[in-house]
Structure formats: structure tokens, C-alpha cells
Protein chains: 2
Amino acid sequence: METTATEAATPEARVLDAAGTLFYGRGLQAVGMDAIRAASGVSLKRLYQLYPSKDALVEACLRRRDARWRDALARYADARPAGPERVMAVFDWLHQWFEEPDFRGCAFVNSFGELGAASETVAAVARAHKDAFRRYLTGLVTGAGAPAALADQLALLAEGAIVTAAISGGAEPALRAKEAARVLLEAAVAPPRS
Amino acid sequence: METTATEAATPEARVLDAAGTLFYGRGLQAVGMDAIRAASGVSLKRLYQLYPSKDALVEACLRRRDARWRDALARYADARPAGPERVMAVFDWLHQWFEEPDFRGCAFVNSFGELGAASETVAAVARAHKDAFRRYLTGLVTGAGAPAALADQLALLAEGAIVTAAISGGAEPALRAKEAARVLLEAAVAPPRS
DNA sequence: CCACGCGGAGAACGGTCGTTCTCTCTGCTG
DNA sequence: CAGCAGAGAGAACGACCGTTCTCCGCGTGG
């Protein structure tokens, strides 16, 4: 989900790669500009030419992570046949994400918890990310013949799985979420029994 | 969920109240010891006599918040009749929590995102909190005649609702989670249709 | 009334961090 | 070859923060 390091082409990409990895791995406030300089090999002066402040760099990293995360999810899910399969694919993708060794939860949730109260920018980027995810899920759900309202419920399962996997350190929450999602999907597609 | 301020009896309680509110509202790293001194009215010297370091104070605040949060939930839910009602009560309680004006998500999720990578203590407290919540939920679920495995699924819904309510700023995620929980609970109590 | 010790207020210290500045080197232009 | 624009390395600066220290007032015990 993030190219590892320093050999990318443009200085801008090197900075975003290094800063993205550091911010995600250690938290926003815990990473100093000097650590980003060291990890990216881009001098401090150039760094401030590319981004006028640390806040701007944080925002750029978050926006790029949003785009890449949603692209990766969509590439994975859209490879499955449309319908219920494609909805379930979301949870398979989460499972494989959780198993990545440097998985540390949702960058947007973490950033919001750290700076959301102080930075309206960070809060807005986090909201936008979650909205976009929910919209994507809504497309999958209606494509499976289920009412759009189901997407909100599945989004809650996915969020809960991400948070729980991060804190517990295991990938099983994706499996539990997938089981629950299947029950909800089947109940929503077939009319309820009573 | 947190007494507001400065007039509590013992200096220790004043410190924990003030620090708890500040940490939760602004984040751990964003609150300096001097702000805690000002908000609690307890001198810096006495503060360091009570807690040898900021880390120790953070840990004490988190542990107290864990105990109070789970007590409040249990008091609310255990007032309902045992069975499915009591399981659903969890989501009603979440809904009223989300509507509190200073609600800012789960303190343990926020703290984990901010410091979990750097502080094993914070990570452990967060894990313990989530485990305890899941155990409590398991008791409610089995008391409603549903298999214990359902508790994990409902915990994911609750976590997702907390995170989503924090970022979106609204309380509706509790309602969506409750609807989903009811479907899962009914499917788990009655044998599945197929 | 006097010596004393405890507690508060706030200065001080050492370290870190975001941001800027200086100095030097390099490679190009006329 | 002379001069210059740009870039890198790293020092410098100002602010903040966790922690400790100093100083002073005050109440207590003899």
C-alpha cells in the first residue's frame, strides 16, 4: 500500500513515500521534519520548497493515502463478478491488509484521534475518506440487489474490523466481519422471515 | 462520563478529572503538564509527587476512564431485563454517549493511534479495554440465548459506530449499528432459514 | 516569640522541533 | 576563465515541554 523508500523518481514522490510511511508508522507528531529529510534524502530546504509547512505535508500524505487505499480496494473488489461476491470481497481485502506486517490501523482514524480536535484540515480529510469509502460500498451493495441502507451497516463492520485488528494485532476481525456481513446481506436481499 | 472540573475533594481526583478531560479533548501529546496544573489547581510539585511522570498520569487516566466507561455501560444495560433487550441496550447507550457535546470517539482508540506504536503501556491498556468490553458483550449475548461468537460481531458494530460517530460528528451510526445488531441477533437466535 | 519544615508559584534547565539562515560547493553562461 | 544561480549540509533561532530547583510565605511545635 506504500512503496517502501528512497529510490523513486521525483523528489516529491520520495518525500511523500518517506513521510507517508513514517507518519503512518509512528504518528504525526512523533515524526520530525528532520526524520523525513533523512528518510527521503531530500534536503530540508527543498522540502520546504515543495511543502510550505509540516501541516501541508501531512495533508498531502493523507490525501495521497486516501487515493491509493481506495484504488487498491477498488482494483481488488472490481476483479470479482458483480453482485454479492463483490461485496464480500471488501472483507477479503481487509483481511489481507490486516496481515501486512506494518499494518497499524486506519491512518485517518489515527490522525483524527491525534489532531482532529486541533486541525480542521485533518478532520475534513478523515471525513472525506470515510464518506468516499461509504459511497463506494453503497455502489457495491446496490449492485448486489440490496437496499443502499445496508452499506452503512457494512461500513460499520469494516470500521470496527480495522480498529479491532489494529489494537488486537490479529487479522481475525476481518473474518468475523465477513461472517456478519454475509448474514446481513442475505437478510437484506431475501425478504425477512417474520 | 467525566466530572467536569476542579471542585472535587482530593487533589488526586482533581488531577485525574482535569487531565482526563484535557487528554480526551485535545489528545495526549497536545496537553502539557502545565495545562493540567492550571486546570486542576494542583501545583506542579504536588503533581509530580502523585505521579512520577506524564506517562504514569496518562496511564492512570486511561485506567480510570476504562473503569468508569464500563461501569456506566453496565449500569445502563443491566437495568433492562435480561435477554435480547439488554443486548440492544448497548447501542442505546452508545447513542446517548455520541450525543454528549464533548464526545470525541473512543479515548483508547485515539490514544492507541497517537502513542500505541511508541508506548507498549498505552497499547496494553487499549487492548485490555477492548477485551473487557468484548467479554461483557459475550455475557449479554449468551444471556440472550445466542452463541458467544455473535458477541465478536456486535463488538465490531459497536467499534465501527464509535469511530464513525466521532469522525462524522453525528449520532446516527448508533442507530444503524442497532438495526444491524437486531438482524444478527435474530438470525443467531432463530436457526438460519436455508 | 522563634526556628523549622511543608507547600505553592514560578523560574530554570535540558532537550526537541518547526522553520530559517549561512556557508560552501558545483556546474553552467558569457 | 570569471561570475553567478541554485542546491545541500548543517547551524541557528525561537518556541515549547517535561522535569527539577529555588525562593518565599505560612502555619506549627517548643
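In what follows, chains carry the letters A, B, and so on, assigned in the order in which the sequence lines appear, proteins first and then strands, with residues in each chain numbered from 1.
Between the NZ atom of A:Lys54 and the P atom of D:dC16 there is a distance of 16 Å, given to the nearest Å. Straight-line distance from the OH atom of A:Tyr51 to the C1' atom of C:dT19: 18 Å, rounded to whole Å. If you take CD1 of A:Ile36 and P of C:dC17, they are 11 Å apart, rounded to a whole angstrom. If you take CG of A:Leu47 and P of D:dG10, they are 15 Å apart, rounded to a whole angstrom. Put simply, CE on B:Met33 is 7 Å from P on D:dG18, counting in whole angstrom units. Regarding A:Gln29, its CD atom lies at a distance of 15 Å from the P atom of D:dC16, rounded to whole Å. Atom C1' of nucleotide C:dA12 and atom CG of B:Asp34 are separated by 14 Å, given to the nearest angstrom. Look at CG on B:Leu28: it is 15 Å from C1' on D:dG18, rounded to the nearest Å.
Checked against D:dA7, D:dG18, C:dG18, the side chain of A:Tyr48 finds its nearest nucleotide in C:dG18.
With the nearest nucleotide of DNA chain D identified for both B:Val31 and A:Gln49, A:Gln49 has the one nearer the 5' end.
The side-chain tip of A:Arg70 does not point at the ring of A:Tyr136 from less than 6.0 angstrom away and within 45° of straight on.
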Exercise. Begin with the C-alpha distance, continue with both residues' side-chain angles, and end with the deciding distance and a verdict on side chain to side chain contact (heavy atoms under 4.5 Å, CB included) for B:Phe23 and B:Arg65.
Key: CA-CA 11 Å; B:Phe23 285 149; B:Arg65 178 170 282 268; over 6 Å; no

Practice problem: Could you go through the salt bridge (Lys or Arg N to Asp or Glu O under 4.0 Å) check for A:Arg182 and A:Glu179 one step at a time? | Solution: CA-CA 5 Å; A:Arg182 172 154 283 138; A:Glu179 294 161 5; over 6 Å; no

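At a threshold of 4.0 Å, the pair A:Arg63-A:Asp66 does not count as salt-bridged, since none of the basic side-chain nitrogens sits closer than that to a carboxylate oxygen.
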Would you list the protein and nucleotides 8-11 of chain C atom pairs, both N or O, that sit under 3.5 Å from each other?
| residue | atom | partner | partner atom | Å |
| --- | --- | --- | --- | --- |
| C:dG8 | OP2 | B:Ser43 | OG | 3.2 |
| C:dG8 | O6 | B:Lys45 | NZ | 2.8 |

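The backbone N or O of A:Leu28 sits less than 3.5 Å from a side-chain atom of A:Lys54, completing a donor-acceptor pair. Judged by distance alone, the side chain of B:Glu114 and the main-chain N or O of B:Gln29 form a donor-acceptor pair under 3.5 Å.
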